[in-house]
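Reading through the C-alpha cells given below for one structure.
The model shown is predicted, which means the values in this text are computed figures rather than measured ones.
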Amino acid sequence: ADEGRFTKFVPASGAATRMFRDWSLFLEGQCPEPSLEEFFSSLRLFPFYDDLRKAAAFNGADLESLIGKKDIKEILRLILTPAGLEYGSLPKALILFHNYPQCPRTPLEEHLVEGALYVRDRQGVCRVHITVSPEHEARVREFLDNCTAFYERLLGARFLLTLSTQRPSTDIIAATLNNEPFRGPGGDLVFRPGGHGALLPNLNSIDGDIIFIKNIDNVVKDALKPVMVHYKKLIAGYLVKIQRQVFEHLRDLSAGADGSLLESCAAFCREKLNISTPPGWDEFGTDRKLEYLFRMMDRPIRVCGMVRNEGEPGGGPFWIEDNGGESLQIIEEAQIDRSDPAQVRTWKEAAYFNPVDLVCGVRDFRGRKFDLARFVDLDAFFISRKTQDNREIKALELPGLWNGSMAFWTTIFIEVPVETFNPVKEVKDLLRPPHMD
C-alpha cells in the first residue's frame with residue numbers, strides 16, 4: 001500500500017432498476033399495491049427522505065400531507081421519475097444509501113471512504129477506478145467533481161480517480177422467452193450490455209499491480225468498516241505472500257530445473273495453488289514437466305473472499321471438472337445444467353457464496369502486466385433472465401468477469417465473515433441494520 005501498488009476497481013455500471021422494480025411496476029399498474037403500512041412506516045427511515053421532501057416542495061406539494069393522505073402513487077412518482085429524484089433511472093452509484101449526522105452518502109462516496117482505509121500510499125494517494133454506463137458517465141463525473149474535495153479534507157487523502165465505460169461493441173441482442181429477437185416499444189431490436197464480463201477490457205487497461213474488486217452496492221456504514229477493512233487486508237496479505245512464493249519458484253525454473261526442483265514446484269502447486277499434476281506425470285520428461293509447471297504458475301492470481309451461504313441470490317465457489325482436469329471456479333446458477341440431478345444437488349448443498357470480494361495480482365514475476373484476455377474461457381457464455389421494459393427476456397452474457405473471464409487464473413478461496421457482505425439489491429435492504437445503525 002505504501003508503495004502505491006494497490007488499486008480499487010468498482011464495477012458501477014448498473015442502473016438502480018432492479019432496486020426499485022416493485023415500486024416501478026406498481027406505479028405503472030403492473031403489480032398489486034405494496035403494503036401501505038410497511039411503506040409509510042419505513043419511508044422516513046430512508047436516507048433519501050430529506051431529498052424527497054425537497055422534491056415534493058419543488059413540485060408545489062407537502063410531503064407530510066401526501067403521507068397523511070397515503071398518496072403512495074404521487075410519492076413514488078416523486079421518488080422514481082424525473083419529476084422528483086429520478087431514482088428509477090439513476091445509476092445505483094448515485095442513490096443515497098446511508099444517513100450520517102453531517103450528510104447522507106451514496107455507495108460511491110462509501111467506496112471512496114473505504115478506499116482511503118486500505119489502498120492509500122505513503123503520499124496519501126488512493127487509486128480508484130470506477131466503471132460506469134455511457135449514459136451515466138457525465139452525471140457520475142459531475143458528482144465526483146463536487147464531492148471529492150470534501151472527502152479529501154475529511155480523510156486527509158488525495159484521490160486519483162479514473163472512469164471508464166463498458167464498450168458498446170460488447171452489447172448483445174436480447175431475446176424473448178420463446179427465443180425470438182426482442183423488440184422495444186418502437187419495434188427496434190434491443191441490444192443489452194453483455195454482463196460484467198464485458199468489463200474485462202476495462203480491468204485489463206488499468207495500470208495496476210494488485211487490484212481489489214468489489215461491487216458498488218456492497219458497502220457499510222463507518223461503524224462496521226473496521227471489520228471489513230481487516231479482512232480486506234488479510235486476503236490482500238495472503239495474495240502478496242502467495243505471489244512472492246510463486247515468483248520465487250518461477251525465477252528458479254527460469255534458471256534451469258533438475259528433478260528435485262521440479263518435484264518441489266509440483267508439490268507447491270498441489271498444496272498451495274490447488275493445481276494438480278496431469279495424468280502420466282511420472283512419465284513426463286524434464287522439459288515437459290518444466291513447461292507445464294511454468295505455464296500453470298505464470299498466470300494472474302486471485303484470492304477470493306467467500307461467505308457462508310445464507311440464501312442470497314448469486315454464484316459460489318466450486319470445483320469444476322473439464323477435459324480431464326479440475327480447477328476452482330466461481331459459478332453462477334445460470335451456468336449449471338438443470339437437467340443433471342447431481343449438478344442441481346451440488347448447487348443446492350453449496351455451503352459458500354460469492355460476495356465479489358476479490359484481490360487480484362495482474363503482473364508476472366518479471367513485473368510485466370499480464371494480457372488478461374489470454375486467460376478467458378471463451379466457451380463460458382451463459383444465458384440469464386432479465387427485465388426489459390417491464391417484460392421478462394433472455395440475455396446472453398459474456399464470460400463473467402469473475403467467472404469465465406478468470407477461468408485460467410490461479411484461484412484461491414478464503415472464508416471471510418458474513419458481516420463483510422452487505423449488498424443492497426432491493427430498496428428495502430437499506431432498512432437492514434448494517435445500513436441503518
### Query
Can you name the residues that form a side chain to side chain contact (heavy atoms under 4.5 Å, CB included) with Glu137, not counting sequence neighbours?
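With sequence neighbours excluded, Glu137 shows a side chain to side chain contact (heavy atoms under 4.5 Å, CB included) to Val132, Arg141, Thr165, given in chain and number order.
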
Is there a side-chain contact between [X] and [Y] in this structure, where contact means two heavy atoms from C-beta onward sitting under 4.5 Å apart?
X: Val128; Y: Leu160; value: no
X: Val240; Y: Val359; value: no
X: Pro300; Y: Leu372; value: yes
X: Ile173; Y: Pro181; value: yes
X: Leu431; Y: Glu38; value: no
X: Leu27; Y: Thr81; value: yes
X: Asp217; Y: Lys425; value: yes
X: Val246; Y: Phe268; value: yes

### Message
Check whether Phe39 forms a cation-pi arrangement with Lys428 (NZ or CZ under 6.0 Å from the six-membered ring centre, at most 45° off the ring normal).
### Response
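No; the conditions do not both hold, so Lys428 does not lie above the ring face of Phe39.
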
Considering only residues two or more places apart or on different chains, which pairs with a residue in [range] satisfy ring-ring contact (aromatic ring centres under 6.0 Å, His included)?
range: residues 334-360; value: Phe318-Trp347, Phe353-Phe421
range: residues 151-192; value: none
range: residues 226-247; value: none
range: residues 96-129; value: Phe9-His129, His98-His435, Tyr118-Phe212

### Heavy atoms from other residues, nucleotides or ligands near CZ of Arg244 exceed 12 (cutoff 6.0 Å)
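Open.
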
### Query
For Gln123, does the CD atom have more than 12 heavy-atom neighbours from other residues, nucleotides or ligands under 6.0 Å away?
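Enclosed.
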
### Query
Excluding sequence neighbours, so at least two apart, what forms salt bridge (charged side-chain N to carboxylate O under 4.0 Å, His left out) with Arg77?
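Residues passing salt bridge (charged side-chain N to carboxylate O under 4.0 Å, His left out) with Arg77: Glu74.
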
### Partner residues of Asp121 under the salt bridge (charged side-chain N to carboxylate O under 4.0 Å, His left out) criterion, sequence neighbours left out
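By the salt bridge (charged side-chain N to carboxylate O under 4.0 Å, His left out) rule, Asp121 matches Arg127.
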
#### Entry: Polar side-chain atom of Asn146 near backbone of Glu142 as donor-acceptor pair, under 3.5 Å
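Side chain of Asn146 to backbone of Glu142: a pair is present.
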
### Message
Here's a test for you: under side-chain hydrogen bond (donor to acceptor under 3.5 Å, both in side chains), which of Lys369, Arg5, Arg363 qualifies with Asp209?
### Response
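With Asp209 as partner, side-chain hydrogen bond (donor to acceptor under 3.5 Å, both in side chains) holds for just one option, Arg5.
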
### Message
Any salt bridge linking Lys8 with Glu114? Criterion: basic side-chain nitrogen under 4.0 Å from a carboxylate oxygen.
### Response
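Result for this pair is yes, salt bridge flagged.
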
Shortest non-hydrogen contact from [X] toward [Y]:
X: Cys304; Y: Ile330; result: SG-CD1, 4.1 Å
X: Ile216; Y: Lys92; result: CG2-CD, 4.5 Å
X: Leu66; Y: Leu78; result: CD1-CD1, 3.9 Å
X: Cys147; Y: Glu109; result: SG-CG, 4.2 Å

### With sequence neighbours excluded, residues passing ring-ring contact (aromatic ring centres under 6.0 Å, His included) with Trp409
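Per chain and number, Trp409 pairs via ring-ring contact (aromatic ring centres under 6.0 Å, His included) with no residue.
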
Return a table of donor-acceptor pairs under 3.5 angstrom between the side chains of residues 10-25 and protein atoms on other chains or two or more places apart.
unit_1	atom_1	unit_2	atom_2	d
Ser13	OG	Thr131	OG1	3.4
Ser24	OG	Phe20	O	3.1

### Message
Here's a test for you: under salt bridge (Lys or Arg N to Asp or Glu O under 4.0 Å), which of Lys70, Arg53, Arg44 qualifies with Glu64?
### Response
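Answer to the salt bridge (Lys or Arg N to Asp or Glu O under 4.0 Å) test with Glu64 among Lys70, Arg53, Arg44: Arg44.
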
Provide the full list of salt bridge (Lys or Arg N to Asp or Glu O under 4.0 Å) pairs with a residue in [range], sequence neighbours left out, each pair given once.
range: residues 402-420; value: Arg308-Glu415
range: residues 392-410; value: Arg385-Glu392, Lys386-Glu397
range: residues 223-241; value: Glu110-Lys225, Asp222-Lys225, Lys232-Asp357

#### Entry: Polar side chain donor-acceptor pair, Gln343 to Thr346, under 3.5 angstrom
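Absent: no donor and acceptor within the cut-off.
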
### Message
Within this structure, what is the OG-CG distance for the pair Ser205 and Leu199, rounded to the nearest 0.5 Å?
### Response
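One gets 10.0 Å once the value is rounded to the nearest 0.5 Å.
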
